[in-house]
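Here is the structure we will look at.
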2 protein chains.
Amino acid sequence: MEEGPKTYDAGKYERPSVTVDIILFSIIDDDLKVLLIKRGNWPFKNHWALPGGFIKMKETLEESAAREVKEEIGLNIKDIYLEQLYTFGDPGRDPRTRVITVSYFGLLSPDKVEEIKPKKGEIIDSEMFSVKKLPELAFDHEKILKYALKRLQYKLEYTAVGFELLPEKFTLFELKNMYEIILGEKLDKRNFLKKINSLNIVEQTGDIKSGAHRPARLYKFKKSIKSAVFRRVEFEK
Amino acid sequence: MEEGPKTYDAGKYERPSVTVDIILFSIIDDDLKVLLIKRGNWPFKNHWALPGGFIKMKETLEESAAREVKEEIGLNIKDIYLEQLYTFGDPGRDPRTRVITVSYFGLLSPDKVEEIKPKKGEIIDSEMFSVKKLPELAFDHEKILKYALKRLQYKLEYTAVGFELLPEKFTLFELKNMYEIILGEKLDKRNFLKKINSLNIVEQTGDIKSGAHRPARLYKFKKSIKSAVFRRVEFEK
DNA sequence: ACAAAAGTGTTCCTAATACACCCATGA
DNA sequence: TCATGGGTGTATTAGGAACACTTTTGT
């Protein structure tokens, strides 16, 4: 039925390179941070950039993202929330050749952040930067990062994805704090609790967190629920 | 400051091919339709597929999408709503070689649909298919199409993007009809009108549509408003 | 006259918001 | 004892949902 490959020559056309870039967010010290690596090679040697690299011919895009995360910062992608963000492909965004990059954004819980072990070699260093105090970035990575930040804020408003940023057990006010940090605005304590309770997405663990102040009940996220509305989306004019 | 390209060989790695595929929706005869083309070459010769093709080295992804639309169906992308959908890149999705495709979805108003002129050559035929009665599709295009459909329904719920599917002037019940067709459910006439009025996104043109029945006022979309919430997003469990 | 779409308000209920005080602990 | 975060309820308002009849035209 098919005519066969005789009329097609895969080498006939010039092809772009394809990379995967990964934006990993986490909350550290009440601040939204993003993982950046310092490049060890041209181009942009010694510049901060998003982790990522060229895809291999026999791996899916997701496998490529997972491999890069593993190779560059030693994290196992299992149990890390990761979703495809956007594909950036303007000619000239990479001085080497035409490079199209498929970006992924992910969320790291505090315990995952501690497991980060930057593999020296192609990269010189890695660090979680506050999104409010970013260094100059290689390529068009600032544009990609800004886009990821918008997506994160947006997703947080209508899904429960933010739980990925919290430890297994958390107090309700750590939860509220997380929302405030990402959305960049204060939320009313009682209304927030009412909301969370009505969503029915957390349950008490029975454990208590004792710290510098009055002990608080520890909650956990109900695993059965994939996502839930946090609040309705606002008009855009 | 930079070390220079001497350490980088662009030809060193095997590279995938990159294509752009375009999903164009329109409403015809009270049915949501999608534009498909019949392929004239291997692979999947004589099979229906989404329009699209290989990107060129010096064009952006958007320019590539625009060029393909122009080349294959003769439509000028100007004034056509188009947004990047998702990038599909599983190895094996194309029998020729590793092909990663950046998909775009767009909305055609009825007058644009009439301008479609399929360019014979690489494609044999083009047709608007009801999304409810799709033929067997080439590659993984069914998966891409299903994804696009979900995105369309989703976007319609929280933005005013649906106006792109209507002619310049429309009656409020053509508007309601459009929502019903895409969302696949009946909407209450009075509540729908209340909603549209409260959004303040349409205005009367002063014109009247006379047809087989009682004449109706014609409205148009207020251009200044990019998007608006149609209704709040539902819980997902 | 009748078929078919055009047009129009009210009631009910749920959810969002605004708002203030006492409690338990560690330093 | 004080600083800090933990914990709790009510009243108001806005928006979503349910619901039925009259009007205007072409045939």
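Below, chain A is the first sequence line, B the second, and so on; all start at residue 1.
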Which whole-number value in Å describes the distance from [X] [atom1] to [N] [atom2]?
{"X": "F192(A)", "N": "dA18(C)", "atom1": "CZ", "atom2": "P", "result": "16 Å"}
{"X": "R190(A)", "N": "dG6(D)", "atom1": "CZ", "atom2": "C1'", "result": "13 Å"}
{"X": "R217(A)", "N": "dT25(C)", "atom1": "CZ", "atom2": "P", "result": "13 Å"}
{"X": "I196(A)", "N": "dA15(C)", "atom1": "CD1", "atom2": "P", "result": "15 Å"}
{"X": "E185(B)", "N": "dA17(D)", "atom1": "CD", "atom2": "C1'", "result": "13 Å"}
{"X": "K176(A)", "N": "dG5(D)", "atom1": "NZ", "atom2": "P", "result": "10 Å"}
{"X": "K195(A)", "N": "dA18(C)", "atom1": "NZ", "atom2": "C1'", "result": "16 Å"}
{"X": "N177(A)", "N": "dT4(D)", "atom1": "CG", "atom2": "P", "result": "15 Å"}

Return yes if the base of [N] and the side-chain atoms of [X] contain a donor-acceptor N/O pair under 3.5 Å, otherwise no.
{"X": "R214(A)", "N": "dA3(D)", "value": "no"}
{"X": "K189(B)", "N": "dG7(C)", "value": "yes"}
{"X": "K194(B)", "N": "dG15(D)", "value": "no"}

Quiz item: Which sits closer to the 5' end of DNA chain C, N191(B) or P215(B), going by the nucleotide each is nearest to?
Solution: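 On the 5' side of the pair lies P215(B).
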
Quiz item: Hey, would you say the F105(B) and Y147(B) ring centroids sit under 6.0 Å apart?
Solution: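 That pair fails the under 6.0 Å test.
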
Quiz item: What parts of residues 206-213 of chain B reach DNA chain D, counting only heavy atoms under 4.0 Å away?
Solution: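 By residue number: G211(B), A212(B), H213(B).
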
Quiz prompt | Criterion side chain to side chain contact (heavy atoms under 4.5 Å, CB included) on I182(B) and L165(B), from CA distance to verdict | solution = CA-CA 11 Å; I182(B) 297 176; L165(B) 289 164; 3.2 Å; yes

Salt bridge or not between [X] and [Y]? Use side-chain N to carboxylate O under 4.0 Å.
{"X": "K38(A)", "Y": "E127(A)", "value": "no"}
{"X": "K176(A)", "Y": "E180(A)", "value": "yes"}
{"X": "R39(A)", "Y": "E122(A)", "value": "no"}

Exercise. For the side chain of T171(A), starting at C-beta, report the closest nucleotide among dA18(C), dG6(D), dC19(D).
Key: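 Taking heavy atoms from C-beta onward, the closest nucleotide is dG6(D).
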
Self-check item: Among dT8(D), dG7(C), dT17(C), the one nearest L193(A) by side-chain distance
Solution: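 Nearest listed nucleotide: dT8(D).
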
Quiz item: For K146(B), which of E142(B), K150(B), K143(B) qualifies under side-chain contact (heavy atoms from CB on, under 4.5 Å)?
Solution: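 Answer to the side-chain contact (heavy atoms from CB on, under 4.5 Å) test with K146(B) among E142(B), K150(B), K143(B): E142(B).
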
Exercise. For side chain to side chain donor-acceptor pair (under 3.5 Å), just list the numbers for Y104(A) and E62(A), CA-CA rounded to whole Å, side-chain angles, deciding distance to a tenth of an Å, and then say yes or no.
Key: CA-CA 9 Å; Y104(A) 279 78; E62(A) 288 72 22; 2.9 Å; yes

